Structures are given as structure tokens and as C-alpha cells.
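Right, one structure below, let's go through it.
The shown structure was predicted, so the numbers you read here are calculated from the model rather than taken from an experiment. Below, each value reflects all heavy atoms present in this structure, side chains not excepted, and no hydrogens, waters or symmetry copies. Read the numbers this way: they start at 1 and go in the same order the structure lists the ligands and their atoms.
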Amino acid sequence: MAETDHLNVLNSTQLIVQKALAKLGYPDEMYELFKEPMRMLTVRIPVRMDDGKVKVFTGYRAQHNDAVGPTKGGVRFHPDVTEDEVKALSIWMSLKCGIVNLPYGGGKGGIICDPREMSFGELERLSRGYVRAISQLVGPTKDIPAPDVMTNSQIMAWMLDEYSRIREFDSPGFITGKPIVLGGSQGRETATAKGVTLMIDQALQKRNIPLKEAKIAIQGFGNAGSYLAKMMHEAGAKVVAISDVYGALYDENGLDIEYLLDRRDSFGTVTKLFKNTLTNKELLELPCDILVPAAIENQITHENAERIQASIVVEAANGPTTIEATRILTERGILLVPDVLASSGGVVVSYFEWVQNNQGFYWTEEEVHSRLHEVLVNAFESVYTVHTTRRVDMRLAAYMVGVRKMAEAARFRGWI
Ligand code: NAD
């Protein structure tokens, strides 16, 4: 087993943050400040269930650092949510905001629950209860929540409504990822996938591979993976493989993406309809130019990194590649676009949504896309330049870019 494989998501994030700060020449105190969220709230939320009984849920809200501005980040509903995961995700949000140069620090929330086993009414009561429990700590100029795994625009709408009732004024900038009629932004739902396509474009240019000749394999066919497959297919690339939790589909001549999108269910599953599917493990090792893990963490490890055939790996999922696998891929000359850069399209358009709410002036989808394009191309270039000039892997380069603004802000404020 590789030395770093035992680390949980928080420990491995801390390790890279520490390395990035050391490379940039900051003192140890800076790492002491950034290694954990500055504020971490644990709440207990009583919810009246449909059978009349009360169930008490545990939720968290982490605010990593507000040296740059208010904290920002999604709320995850999942049975496997842990305190350490929420902490790590809040650090990742700080890094993402630094990389794409937003005036925010990172935040994150989570509730231990399984939305697949809850009714609409139970979910509404849980969402409202969570807002009541954290309302003292959040707000449009303090900490701005958003959707994440298994939360959506309906849940954001309930949370917004609860917050507006508590505060007794309409406050659309309290939360992003809202339905358009409540102040949501055009382009928000597809923002992550759109961002990943922009990253793929940049990476292909660096490798001199024309998009129309590119073969792409995507692990995961949910919100991120399915929109990405559609966009890449429409742009003329060949999507040769996709997968869901049950297995993978492969066709070296390109899959019928329209058909698959039509048949997929709301949890991003489609492969059960087919026989002779491959496994998710096999998908990762297929011949292709671009591999996009867009499902879950720890998929590319020291065990399979040597067998990856793609020349570009773009991480749409959070944490799909271990530290050891990052080293192996980099040594093999594979261009890795790390999660904190590749999946930052969502937070950029969330920021646009907040700006529009603050101005009360709304943009067209074209305006959103052209601004997103500019922000992400600049972000890719900043990270790639650090990667080549400082001779560090792309993940460390992204962390160096991401942590710098926060560290400078902390220094100007006189904290360190
Ligand atoms: P989702 O729940 O909509 O879809 C997940 C997909 O992965 C589904 O197709 C599911 O079948 C598949 N999957 C689940 N478990 C799997 C397993 N064990 N092996 C293989 N496939 C599996 O989720 P999503 O919103 O598309 O998010 C996917 C990843 O992208 C996550 O890591 C998430 O944190 C990251 N991400 C998403 C967004 C976004 O805006 N959706 C933004 C940033 C990062």
C-alpha cells in the first residue's frame, strides 16, 4: 500500500495545503490557520416524519476562512456525510474560490440523511430545520450555501423561504442554485459540465489534439457526467464510454449519447438496460484521449494509475485520484486537470447568481457563458504556468494558486 493511501480526505487535503504554503514561502503559522475551518457548527435537527414520529438528524456547517470575503459552498444530503468530509470540502471551496479569483472564502454544509428514502414533505421540513439551526451563522454577506450531492433547486427554494421568514425580508443572495423564478441564474444547472468542457478544450490545446478527433471516456452519468457527455458529443468529440454505479458501456466508434440521455433515470443510471457491460474499473483503463472521472472519490489509485491509457485526465468529481496516483500519472506525462480547478464552473456561476441578486439585474445565458469562459481560461493558464515554471504537478500547482490569495488577505489583515 502506498504511504499516503491511508489518509482520509481531510488529511490528504491538509498535506497538499501544507506543501503549497511551504513552496510559496509562507511561515508554519499560515498552515496552522488554514489546516482546519475557522468555524465549525454541528446541529441537531428534529423532523416530524410522515409516520408521526420525530427523527433527529445531524448536520454541519463549516466556514473555512473569511479573510478574502464571505464563505461559500454547497450543502450535501448523504448518509455517509462526516465532520471530516465537510471540513475537507470547505477547504476545497476556499481553494476553488482562490483559483478562479472570486471574492469568497470556502464553506460547506452537510446533513447525515438519505433523501432517496424520504418523502417530499420530510425533505422540506429537514431543509427548513437546517436553516433555522444555522441561521445565526449564515447570510448574503457572511456565508452563502448552494446545492451539492443530492440537493437541488427545490431544496434551495425551501431554504431561501425559511431564511427570508426568519429575517423578515426578501434575501435572494442568501443562497445560490435557486430556481430561476426566485432569482436563480441562467446556466447554473449546467455550469459544472460547461466548466469541464472548457478545461478539456484547454488541455487538448496543450497536447495538440483536435477536439473532433478526441475520444473521451466518462465515469458517472449523473448531473456532471451526463451534461458533459451531451456537450462533448455536440461539440463533435467521440464519447466512447460512460458508466453509472452498476457498470460501464463502451463503443470505440462512439456511443449514442442522445439515446442514453433519454433512457437515464433521475439518479443517473442507465447501464442496467444493457447486457455485457464493462465494470467501472475497466472503463478507467480503456483506450481514449481524455478520461473524466465524474462519479466518486478514490477511483485512480497506485493500483491502476500505471494502466491508464488516456493522455489527459480531467477530474470532474471531487477527489477521484489519490496522491500516489497523481505522482504516477504526472511521471508518465499524463496531463491531469485537478478537481479544484476542473469542477470550479459551478461556484463561478453561483458567484454570478449572487452578483445578479445583489444588483437586481439579470443576465442572459450567453452573458453567463462568455464570463464563465473568461474566468476559467484565465484560471487554467495560471495553474498551468505554475505547473511548468515551478515544475510541480498540476494538483500542487492548483493548490499554490488557490491558497495564495487567502494567505495574502490574511497577511494584509494582520492575522499572520
Ligand atoms: P450525481 O449523483 O448526479 O451522479 C453520480 C453518478 O455517478 C451517477 O451516474 C451514479 O450512478 C454514478 N456512481 C455512483 N456511485 C458510483 C460508483 N461507486 N462507481 C461508479 N459510478 C458511480 O452526482 P454529480 O452531481 O454528477 O456529481 C458527481 C461528482 O462530481 C461528485 O464527486 C461531485 O462532488 C462532483 N461535482 C459535481 C458538481 C455538480 O455541479 N453536479 C460540482 C462540482 C463537483
Side-chain angles (χ1 to χ4, degrees), residues 9 72-81 85-86 88-90 92-93 95-97 99-100 106 108-110 114-116 146-153 155-156 176-177 184-185 187-197 199 217-231 241-249 257 260-261 263-273 277-284 291-301 304 314-321 337-351 353 372 376:
V9 62
K72 173 101 193 77
V75 184
R76 175 171 292 204
F77 282 12
H78 199 279
D80 301 336
V81 164
E85 182 191 57
V86 174
L89 290 166
S90 75
W92 284 358
M93 285 307 297
L95 294 165
K96 284 188 189 186
C97 293
I99 291 167
V100 289
K108 203 78 184 190
D114 193 344
R116 290 165 296 200
D148 192 75
V149 174
M150 288 209 260
T151 52
N152 56 24
S153 58
I155 289 173
M156 299 304 107
T176 59
S185 178
R188 174 63 184 83
E189 205 183 327
T190 54
T192 302
K194 185 82 193 159
V196 177
T197 66
M199 292 297 143
I218 303 171
Q219 184 190 43
F221 207 53
N223 185 25
S226 68
Y227 279 126
L228 176 67
K230 183 171 190 282
M231 289 173 189
I242 60 110
S243 73
D244 59 27
V245 65
Y246 303 109
L249 303 173
I257 296 300
L260 296 174
L261 287 169
R263 305 302 303 273
R264 90 186 247 285
D265 68 16
S266 62
F267 293 110
T269 49
V270 70
T271 65
K272 263 183 163 176
L273 302 172
T277 53
L278 302 181
T279 64
N280 266 286
K281 263 188 164 175
E282 287 168 327
L283 174 138
L284 298 169
L291 173 64
V292 182
I296 52 164
E297 60 284 348
N298 290 332
Q299 294 302 289
I300 308 179
T301 67
N304 60 3
V314 180
E315 297 179 338
N318 283 319
T321 313
V337 186
D339 46 14
V340 285
L341 171 62
S343 67
S344 59
V347 69
V348 175
V349 178
S350 267
Y351 165 64
E353 181 174 332
L372 178 65
L376 290 187

Under-4.0 Å heavy-atom contact between protein and atom 2 (O) of ligand 1: no
N or O pair under 3.5 Å between R188 and ligand 1: no
Closest protein heavy atom to atom 6 (C) of ligand 1, given as residue, atom name and distance to 0.1 Å: G222 N, 3.7 Å
Closest approach of A146 to K72 (non-hydrogen atoms, all atoms of both residues): CB-NZ, 3.6 Å
Protein residue, atom and distance nearest to atom 7 (O) of ligand 1, heavy-atom basis: A295 CB, 3.4 Å
Polar contact flag for N223 and ligand 1 (N/O pairs, less than 3.5 Å): yes
Residue R76 vicinity, atoms of ligand 1 by number, heavy atom under 4.0 Å: 34 (O)
R76/E85 ion pair, N-O < 4.0 Å: yes
Which residue and heavy atom of the protein sit nearest atom 42 (C) of ligand 1, plus the separation: T192 OG1, 3.3 Å
Whether A294 lies under 4.0 Å from ligand 1, heavy atom: yes
Considering all heavy atoms, the nearest V314-P293 contact: O-CD, 3.2 Å
Protein contact to atom 17 (C) of ligand 1 [nearest heavy atom, distance to 0.1 Å]: I296 CD1, 3.5 Å
Per-atom contacts of ligand 1 with A224, taking only distances under 4.0 Å to non-hydrogen atoms: 24 (P), 26 (O)
Expected output: side-chain S350 to main-chain T176 donor-acceptor under 3.5 Å: no
D244 side chain vs V270 backbone, donor-acceptor pair below 3.5 Å: yes
Side chain Q299, main chain E297, donor-acceptor under 3.5 Å: yes
For atom 19 (N) of ligand 1, the protein heavy atom that lies nearest, with its residue and separation: N280 ND2, 3.7 Å
Side-chain donor/acceptor of S226 to backbone N/O of G222, under 3.5 Å: yes
Validation row: Y246, T269 side chains within 4.5 angstrom (heavy atoms): yes
Nearest-neighbour protein heavy atom for atom 14 (C) of ligand 1, which is reported as residue plus atom name and distance: V245 CB, 3.8 Å
Numbering as shown, the atoms of ligand 1 that approach G268 to under 4.0 Å (heavy-atom distance): 8 (C), 9 (O), 11 (O)
Nearest neighbour in protein (non-hydrogen) for atom 44 (C) of ligand 1: A316 O, 3.6 Å
Main-chain N/O of T192 paired to N223 side chain as donor or acceptor, under 3.5 Å: no
Main-chain N/O of E282 paired to T279 side chain as donor or acceptor, under 3.5 Å: yes
Top protein contact for atom 32 (O) of ligand 1, by heavy-atom distance: N318 N, 3.1 Å
